[in-house]
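Shown next, in structure tokens, is the structure this report addresses.
We use all heavy atoms of the structure for the numbers below, so side chains are in, but hydrogens, waters and symmetry mates are not. Indexing begins at 1, ligand by ligand and atom by atom, following the structure's order. One-based numbering along the sequence shown.
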Amino acid sequence: MIVSCPHCHAKNRLADERLSEAPRCGVCHQPLLSGAPLALDGDNFNALLAHAPRPVVVDFWAPWCGPCRSFAPAFAATAAGPLGERLIFAKLDTEAQPAIAQAHAIRSIPTLAVFQRGRELERVSGALPAGEFARWLERLAN
Ligand SMILES: [Zn+2]
């Protein structure tokens with residue numbers, strides 16, 4: 001799969017089996033799967049969710065959605081903290097990828113969903129206060 005580095009946005013080609021080896025960006029050498037949210041698209045969404053070595057929390061959002069934009073800094077800050085080592089933080093732009101949003105029955109945004117080995121564990125619709133978001137993830141990150 002091809003993933004854009006969340007730090008420098010360079011495109012990196014990753015074999016599915018390398019996901020569990022803490023892959024680093026070929027350009028900036030920062031970790032691809034921790035420290036900042038990964039932007040997913042139609043080409044890598046299913047492969048990443050299926051092969052991720054840790055649970056993946058996806059922020060289903062859209063650029064026109066005010067509450068999504070307000071929540072984005074809390075999502076990024078949580079990804080940069082200790083929970084960023086225990087989960088993979090990812091974002092899906094539902095406006096750019098309507099088929100994925102539809103496949104996951106996303107009816108309101110932001111919707112936050114945690115997946116493990118491709119299976120959805122839990123979701124919440126609506127932005128959470130940062131503290132509540134972290135507590136929710138703590139419970140699901142084990
Ligand atoms: Zn990079």
Aromatic plane relationship, Phe60 with His104 - under 30° parallel, 30 to 60° tilted, over 60° perpendicular: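 Plane angle between 30° and 60°, so tilted.
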Asp41: side chain to side chain donor-acceptor pair (under 3.5 Å) partners, not counting sequence neighbours: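 Expected list: none.
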Gap between atom OG of Ser4 and atom CG of Leu40 - 0.5 Å precision: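 Reported to 0.5 Å precision, the distance equals 9.5 Å.
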Where the Zn ion (ligand 1) is the vertex, angle from Cys25 SG to Cys8 SG to 10°: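 Rounding to the nearest 10 degrees gives 110°.
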Give a yes/no answer: is there an N/O/S atom of [X] under 2.8 Å from the Zn ion (ligand 1)?
X: His7; value: no
X: His9; value: no
X: Cys28; value: yes

Same cluster (ILVMFWY, side-chain, under 4.5 Å), Leu92 and Leu49: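 Yes: a chain of side-chain contacts under 4.5 Å links Leu92 to Leu49.
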